[in-house]
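All residue numbers refer to positions in the sequence shown, counting from 1. The analysis underlying the following values was restricted to heavy atoms, covering all of them including side chains, and did not include hydrogens, waters or symmetry mates.
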Amino acid sequence: MTTETTPLMQVYLSVMGDFDPDEFTVRVGLTPTRTWRRGERSAVDARFAGRTVPVCDHWAFGLPEQPAFYLEPLVEEVLAETAGQLKVLGQAVTDLGLNLELVVVAKWDPATTSSPSLHLNGQQMALLGAIGAALDIDLYADP
């Protein structure tokens, strides 16, 4: 009998546009898990170090990549950690003309792993809609 591995998922709120991520952090009262500035060569991911040059500023808050079959509890955790600041975040994005997304990255090997469950409940969708967030789901089914 073979043991099935667990997919890897990452979930985060992503803000992109033309802005100062440090000023945005102060305004929304949340410490980001990652930021970058337009034109800044990134060394965050060794695979892309020095090769990628962002075309916009970026601010992200969320969870690191982790083994998980179910998306819903991960989204719940991100929303719970930002609960007191979600309206402030949504208002800042609107005021500054920025783009806000809930980003989901899911990776799995179809030969050894079941695909992840990408389900959101109605309350989660309503909260994301209330702050003007789009949903970006990136799926990587690589053997």
If every non-hydrogen atom of [X] is compared with every non-hydrogen atom of [Y], which pair is closest and at what distance?
| X | Y | value |
| --- | --- | --- |
| Gly62 | Val78 | CA-CG2, 4.2 Å |
| Leu98 | Gly17 | CD2-CA, 3.8 Å |
| Trp108 | Pro7 | CB-CB, 3.9 Å |
| Leu74 | Val11 | CB-CG2, 3.8 Å |
| Leu71 | Met9 | N-CE, 3.6 Å |

Do the side chains of [X] and [Y] join up, straight or via other hydrophobic residues, at under 4.5 Å, putting them in one cluster?
| X | Y | answer |
| --- | --- | --- |
| Val88 | Val15 | yes |
| Leu79 | Val103 | no |
| Val104 | Leu139 | yes |

Heavy-atom side-chain contact between Arg37 and Asp20 under 4.5 Å: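 Result yes, sub-4.5 Å side-chain heavy-atom pair found.
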task = Please tell me if the side chains of Leu13 and Leu128 come closer than 4.5 Å, counting only heavy atoms from C-beta onward.
result =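 Answer yes - side chains close enough.
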- Task: Start with the C-alpha gap between Gln91 and Val28, add the side-chain angles, then the distance that decides, and say whether side-chain contact (heavy atoms from CB on, under 4.5 Å) holds.
- Result: CA-CA 9 Å; Gln91 191 61 55; Val28 301; over 6 Å; no
Sequence neighbours excluded and cut-off under 3.5 Å, please list the side-chain donor-acceptor pairs for residues 115-122, or say none.
| residue | atom | partner | partner atom | Å |
| --- | --- | --- | --- | --- |
| His119 | ND1 | Glu72 | OE1 | 2.8 |
| Asn121 | OD1 | Gln123 | N | 3.0 |
| Asn121 | OD1 | Gln124 | N | 2.8 |
| Asn121 | ND2 | Glu72 | OE2 | 2.8 |

Stepwise side-chain contact (heavy atoms from CB on, under 4.5 Å) test for Asp109 and Thr5
CA-CA 9 Å; Asp109 179 349; Thr5 60; 5.6 Å; no
Worksheet item: Which pairs pass salt bridge (charged side-chain N to carboxylate O under 4.0 Å, His left out) with one or both residues in residues 121-131, sequence neighbours excluded?
Response: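 Qualifying pairs, neighbours excluded: none.
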| request: Look only at the side chain of Glu65 and the backbone of Leu8, and say whether a donor-acceptor pair between them is shorter than 3.5 Å. | output: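 Between the backbone of Leu8 and the side chain of Glu65 there is no qualifying donor-acceptor contact (under 3.5 Å).
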Check your understanding: Checking side-chain contact (heavy atoms from CB on, under 4.5 Å) for the pair Ile131/Leu100: CA distance, chi angles, key distance, verdict?
Key -> CA-CA 8 Å; Ile131 62 171; Leu100 173 61; 3.7 Å; yes
Roughly how far, to the nearest 0.5 Å, is [atom2] of [Y] from [atom1] of [X]?
| X | Y | atom1 | atom2 | answer |
| --- | --- | --- | --- | --- |
| Asp136 | Met16 | CG | CE | 7.5 Å |
| Leu30 | Leu86 | CG | CG | 8.0 Å |
| Tyr70 | Thr6 | OH | OG1 | 10.0 Å |
| Thr113 | Phe69 | OG1 | CZ | 6.5 Å |
| Gln10 | Leu63 | CD | CG | 8.0 Å |
| Leu127 | Lys87 | CG | NZ | 9.5 Å |

Which class fits the ring pair Phe19 and Phe24: parallel under 30°, tilted 30 to 60°, perpendicular over 60°?
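The arrangement is perpendicular - the two ring planes meet at more than 60°.
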- Under the salt bridge (charged side-chain N to carboxylate O under 4.0 Å, His left out) rule, collect the residues that match up with Asp18, sequence neighbours excluded.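 Arg38.
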### Message
Please evaluate residues Val93 and Trp59 with respect to the criterion side-chain contact (heavy atoms from CB on, under 4.5 Å), reporting the C-alpha separation (whole Å), side-chain torsions for both, the decisive distance (0.1 Å), and the verdict.
### Response
CA-CA 11 Å; Val93 166; Trp59 181 98; over 6 Å; no
